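Just so it is clear: chains get the letters A, B, ... in the order the sequence lines come, proteins before strands, and each one is counted from 1. Just so it is clear, the model here is predicted, and its values are computed rather than measured.
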Amino acid sequence: MSNKDGKPVLMRVNGELTDLGAATVEADQFEFVFPEHPDALNVFRHSCAHLLAHAVVELFPGVQYGVGPAVENGFYYDFLTEKPFTPEDLEKIARRMAHLAKQNLPIKREILPRQDALELFSRKGQFLKVELIHEKVEGESVTVYRQGDFTDLCRGPHLPSTGLLKHFKLLSVAAAYWKGDEASHSMQRIYGVVFPTREQLDDHLGFLREAKERDHRKLGRDLDLFSIQNEIGAGLVLWHPRGAMIRYEVEKYWREEHLRSGYELLYTPHIARGELWETSGHKGFYSENMFTPIEFDHTEYQLKPMNCPFHLVVFKSRTRSWRELPLRWAELGTVYRYERSGVLHGLLRVRGFTQDDAHIFCTRDQILEEVKELIRFSLNILKTFGFVELDVFLSTRPENFVGDPEEWDLATNALERALKESGVAFTVDPGEGVFYGPKIDIKVKDVLNRSWQCSTIQVDFNMPRRFDLRYTNEIGDIERPIMIHRALLGSLERFFGILIEHYGGYFPVWLAPVQAVVIPINDRNAAYAGQVRNNLNQKGIRARLDSRSEGMGRKIRDAEMEKIPYILILGDEEEKNQDISLRIHRSGDQGKMALEELVHSILKAIEEKTFAKKVQH
RNA sequence: GCCGGUGUAGCUCAGCUGGUAGAGCAUUUGAUUCGUAAUCAAAAGGUCGACGGUUCGAGUCCGUCCACCGGCUCCA
């Protein structure tokens, strides 16, 4: 079943992965790489992409193959074809791949003179490859890999033979542009996964199933949290009572934490005059994402895509002293951005959303401390939601930028130092900064180890200049403040989507829309059950009474499916002793206990923002 | 926006080559009063995504649009 037969599949020579068959010269360092080694996985993927192309070329004569790399979770290969592939085609292709793998064809590296390679691919009608050689290959020799009758332009390395590719699955087919260019050919991209062992493949397919089960669009409907409907419009979210409850709790926590950390809150309108967006520059560089202006009273108004201009205008509303800085202003500001129809995706990509925005106005000298504080603050809040593993990126000056390179350096150094002094590991993303300044991005990892962009911290010299912001410094001179933009959760909609998937719909008690359900076993117990429910409500616990004329089993089942953390079951025995029987979702029966004991436990879980836990007697 | 796919009851899905719509779950009502994941029965529920066309007749064929899904590109 597995490849654990002790045979190496690659070599590492002087640190570089190479084919087993490669001629070795003067190796200072040399080791064999076995299938189980993580380095081998990308090669498995890449070789499997070749196998895919091999099968497609055999089955569909006339198809041109483009590029087929290994990617994060598997591999793909792009094909230029008259007719798009159908799901049945995929099955057929997979069968052919298995057949070719079974033949255990040797995969051979060959170096051809440039001219020969060009002729070879021209003869086969593979003009995309000819294009690639012209564009990408420098020098007079071209490396190709050959397996059976199939030859592909490739740098390698590859597995020694196709026989190792046993555990793969083709997942989907989608369109992609040739070389990512919208103006170029539309290609058919086939995605697949491959692993050295059956076990790993099964694990991965299990992961995909799990991810599908957790899809926030499905859970949002099943748990009645939110909807997005045609009648309202694409990308516009309706928060149903249960989703709204969760949002309310998130917002409450968010506000409390901000007030505790020296922020003040702002509220600003959803539209503003067109001139504002000219001053801010958004009309110029952001117009693609802005909705068409509205005109009334001979004045143009614009639905806001950003909150920052409003905050700048508040800053400008009177003179500011250095003694006031830093000013930390936060707003849950709802913005509207036009997104191309094809990119909308549940709560993760919408057209109207509420940013948990904040702008910090400070002096140059304060940037470092403010950023350090922002990092601490962000990590602390993300941790509350169970996001402990993070990927942090520092994005530096892009090619197109505004402002003074010296300011850029100042800001970039401040960000870098803040990260280092905070002891946060990070990766530099060169040239990925916003045009007005460098930024720190924080991506959280959810329970399925998937990465989601949430927080962003951006230093901005540009906006304060455009709005001519000033403050008076210690010696009475006028200076321009620096602005730091930051979103922590990103947007409430997006963050909600991430939370739903992270928790799989099983929210911690403080967020659970319904925290407890009371189930009377018999109509005789209905009055007592009502009392218990009221008692819980009075303690601030969101409890519901299930008084339907249904069996207990049914009510329990429904409560479990609704993912209600605490299920209280009351029959004659409980009523007699004035206690309750507790069931915790996913954990089952917890036995009888006094109501006060349970209330205490629930309130503690709410307070500590944890999941429902077994009660300690 | 682009490429491909999809759109039938609140949800999941049947509906053959055009002849006038069906199941399970959910809902409502009635019966049932039950000890840790589905009690029984009945009823109700759809201008078949929208608009236009072909046809004696369209859920089914054609066109346009809308939305959703998988991607590309872009992004909170």
Mind calculating the distance between [atom1] ([X]) and [atom2] ([N]) to the nearest angstrom?
X	N	atom1	atom2	answer
A:Arg337	B:C74	CZ	P	16 Å
A:Arg340	B:G1	CZ	P	8 Å
A:Arg217	B:C11	CZ	C1'	16 Å
A:Lys592	B:G35	NZ	P	13 Å
A:Asp523	B:G30	CG	P	13 Å
A:Asp78	B:C72	CG	P	10 Å
A:Leu570	B:C34	CG	P	15 Å
A:Tyr76	B:C72	OH	C1'	10 Å

Under 4.0 angstrom, heavy atoms only, what part of the nucleic acid is [X] near: base, sugar-phosphate, or nothing?
X	value
A:Glu339	base
A:Thr456	nothing
A:Gln453	sugar-phosphate
A:Ala487	nothing
A:Val350	base
A:Phe85	nothing
A:Gly571	base
A:Arg189	sugar-phosphate
A:Asn289	nothing
A:Glu574	base

Nearest-angstrom distance, [atom1] atom, [N] to [M]:
N	M	atom1	answer
B:G45	B:G10	P	12 Å
B:U12	B:U20	C1'	25 Å
B:C16	B:U60	P	11 Å
B:G49	B:U6	C1'	11 Å
B:A37	B:A23	P	31 Å
B:G57	B:C69	P	37 Å
B:A67	B:A50	P	15 Å
B:G46	B:C34	P	38 Å

- line: On RNA chain B, more 5' by nearest nucleotide between A:Ala175 and A:Leu582 is A:Ala175
- request: Identify, between A:Asp222 and A:Gln188, the residue whose nearest nucleotide on RNA chain B lies closer to the 5' end.
  value: A:Gln188
- request: Locate the shortest heavy-atom distance separating A:Arg45 from A:Ala70; write the atom from each residue and the value.
  value: CB-CB, 3.6 Å
- prompt: What closest approach, in Å, do A:Ala516 and A:Leu568 show between heavy atoms, and which atom pair accounts for it?
  reply: CB-CD1, 4.2 Å
Given [options], identify the nucleotide with an atom nearest to the side chain of [X].
X	options	value
A:Phe353	B:C3, B:U33, B:A76	B:A76
A:Arg221	B:A76, B:U73, B:U12	B:U12
A:Ser341	B:G1, B:A76, B:C68	B:G1
A:Ile521	B:A37, B:C68, B:C34	B:C34
A:Met552	B:A76, B:U36, B:G70	B:U36
A:Ser491	B:A38, B:A76, B:U36	B:A76
A:Glu550	B:G35, B:U39, B:A67	B:U39
A:Val343	B:G71, B:U27, B:G1	B:G1
A:Asn230	B:U33, B:C66, B:A76	B:C66
A:Ile556	B:A76, B:C72, B:U36	B:U36

Against the six-membered ring of [Y], is [X] placed for a cation-pi contact (under 6.0 Å from the centre, within 45° of the normal)?
X	Y	result
A:Lys443	A:Phe393	yes
A:Lys445	A:Phe387	no
A:Arg189	A:Tyr76	yes

- request: Among A:Phe495, A:Trp254, A:Trp452, A:Tyr503, find the residue that satisfies the ring pair (Phe, Tyr, Trp, His ring centres under 6.0 Å) test when tested with A:Phe385.
  value: A:Phe495
- prompt: How are the rings of A:Trp239 and A:Phe496 set to each other: parallel, tilted or perpendicular (split at 30° and 60°)?
  reply: parallel
- prompt: Dot-bracket, RNA chain B: Watson-Crick or G-U, under 3.5 angstrom, [ ] crossing, | other strand?
  reply: (((((((..((((.....[..)))).(((((.......))))).....(((((..]....))))))))))))....
field: side chain to side chain donor-acceptor pair (under 3.5 Å) between A:Glu560 and A:His585, intermediate numbers included
entry: CA-CA 6 Å; A:Glu560 288 279 354; A:His585 68 176; 5.4 Å; no
Has the side chain of [X] got a donor or acceptor that lies under 3.5 Å from a partner of the other kind on the base of [N]?
X	N	answer
A:Tyr177	B:C3	no
A:Arg557	B:A38	yes
A:Arg583	B:A37	yes

field: Candidate pair A:Thr334 and A:Thr354, rule side chain to side chain donor-acceptor pair (under 3.5 Å), full reasoning
entry: CA-CA 4 Å; A:Thr334 304; A:Thr354 302; 2.8 Å; yes
